[in-house]
Amino acid sequence: MSKIALLFAMLFSMPMITACSASEQVPEAPVVKQQLVGSPVYIQIFKEERTLELYAKMGNEFRLVNSFRICNFSGGLGPKRREGDFKSPEGFYSVDARHLKPDSKYYRAINIGFPNDYDKSQGYSGAYLMIHGECKSIGCYAMTNTYMDEIYRYVEAAFAYGQNRIDISIYPFRMTEQNLKRHRTSSDIAFWNQLKPGYDYFVKNHQPPVVSVSNGQYVLGQPVMSSNQMTQYASTAPAASTNPFAQTKPLTEVK
């Protein structure tokens, strides 16, 4: 009997094994999160998991600041193809400060920049696809206002402190071999296989993938160490005493 009791004690003392993917990071501690405000950021979205992940650059890696439950999106899995199909986009997007809208009718918004070069090459149509608040969506990624406050704060600060563009990678699900096998009969599987190299690159390197479009296909490239990129990714969060939001107006808005 004592052996059985000892076995149970050992089992309950072992670390819990969760269903989380090996690619998922643990969010940084609150004190570290605060220090990362103003650092370069990166966003990943996973539709099936209804998750938006916000990363900030710490040292030579992008570390998870927070993982947010997506309140609402429409159209199910698969890329947006035409205006009025109610689908939310999938693919690789890049935004600058002009894509911020602090006075959106959906609280605050970040225009993800649909259609991108890939979407245009496919003849896809649509506009004003956002990450926004108010928990309502027709083709956008809607968050609660509280979550949108935090996301918007990091994005706005990253631009203010020198990041030129912020990458947003949107996936139908975590691009593991198991998930791709589970969805292998989907009509979108060829498109999703184009997204997997970008997903794998971030899992391995903790750096946003460098993605271009060639012959109507997403292509994973090598990082180009240009002076602009060095400036973009070399910045770190400044001291609170130099925070420009203490006295400045919002950044340029999308009309």
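Positions are given from 1, in the same order as the sequence printed here. Everything numeric in this text was worked out from a predicted model, so none of it was measured.
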Decide yes or no on side-chain contact (heavy atoms from CB on, under 4.5 Å) for Val211 and Val219, but give the supporting numbers first.
CA-CA 6 Å; Val211 179; Val219 177; over 6 Å; no
Is there side-chain contact between [X] and [Y], with at least one heavy-atom pair below 4.5 Å?
X      : Y      : answer
Ile110 : Lys101 : no
His183 : Leu77  : yes
Ile112 : Pro89  : yes
Pro172 : Leu195 : yes
Val95  : Asn111 : no
Ile131 : Met148 : yes
Met175 : Leu180 : yes

What class does the angle between the rings of Phe92 and Tyr218 fall in, given that below 30° is parallel, 30 to 60° is tilted and above 60° is perpendicular?
perpendicular
Which class fits the ring pair Trp192 and Phe173: parallel under 30°, tilted 30 to 60°, perpendicular over 60°?
perpendicular
Inspect the contact between [Y] and [X] and indicate whether a charged nitrogen and a carboxylate oxygen are less than 4.0 angstrom apart.
X      : Y      : answer
Glu28  : Arg63  : yes
Glu53  : Arg174 : yes
Arg182 : Glu48  : yes
Glu90  : Lys47  : yes
Asp167 : Arg165 : no
Lys136 : Glu134 : no
Arg153 : Asp149 : no
Lys87  : Asp85  : no

Could you walk me through whether Tyr154 and Lys33 satisfy the side-chain contact (heavy atoms from CB on, under 4.5 Å) test, starting with their C-alpha distance in whole Å, then the side-chain angles of each, then the deciding distance to 0.1 Å, before giving a yes or no?
CA-CA 10 Å; Tyr154 277 86; Lys33 292 180 185 180; 3.4 Å; yes
Measure from the side-chain N and O atoms of [X] to the backbone N and O of [Y], and report whether any donor-acceptor pair falls under 3.5 Å.
X      : Y      : result
Asp188 : Phe191 : no
Thr51  : Arg69  : no
His99  : Asp96  : yes
Ser104 : Ala109 : no
Arg108 : His132 : no
Tyr161 : Pro40  : no
Asn205 : Phe202 : no

More than 12 heavy atoms of other groups within 6.0 Å of Tyr106 OH:
no
Heavy atoms from other residues, nucleotides or ligands near CD1 of Ile138 exceed 12 (cutoff 6.0 Å):
no
How long is the straight-line distance from [atom2] of [Y] back to [atom1] of [X], given to the nearest 0.5 Å?
X      : Y      : atom1 : atom2 : result
Ser137 : Met130 : OG    : CE    : 11.5 Å
Leu52  : Ile45  : CG    : CD1   : 4.5 Å
Ile151 : Ile43  : CD1   : CD1   : 6.5 Å
Phe46  : Ser67  : CZ    : OG    : 9.0 Å
Asn179 : Tyr171 : CG    : OH    : 13.5 Å
Ile170 : Leu129 : CD1   : CG    : 8.5 Å

Could you walk me through whether Ser74 and Ser88 pass the side-chain contact (heavy atoms from CB on, under 4.5 Å) check?
CA-CA 6 Å; Ser74 62; Ser88 301; 4.1 Å; yes
Joint hydrophobic cluster, Phe73 plus Phe86, side-chain heavy atoms closer than 4.5 Å:
no
Show the nearest heavy-atom pair for residues [X] and [Y], with the distance to one decimal.
X      : Y      : answer
Phe62  : Gln207 : CE1-OE1, 3.5 Å
Gly133 : Ala142 : O-CB, 4.4 Å
Cys71  : Thr144 : CB-N, 4.1 Å

Please determine whether side-chain contact (heavy atoms from CB on, under 4.5 Å) holds for the pair Tyr124 and Arg82, giving the CA-CA distance in whole Å, both sets of side-chain angles, and the decisive distance to 0.1 Å.
CA-CA 5 Å; Tyr124 296 168; Arg82 64 184 182 279; over 6 Å; no
Trace of the salt bridge (Lys or Arg N to Asp or Glu O under 4.0 Å) decision for Asp200 with Lys204:
CA-CA 6 Å; Asp200 290 342; Lys204 179 180 178 180; over 6 Å; no
Pick from Tyr93, Tyr199, Tyr42, Tyr201: which one makes a side-chain hydrogen bond (donor to acceptor under 3.5 Å, both in side chains) with Ser169?
Tyr42
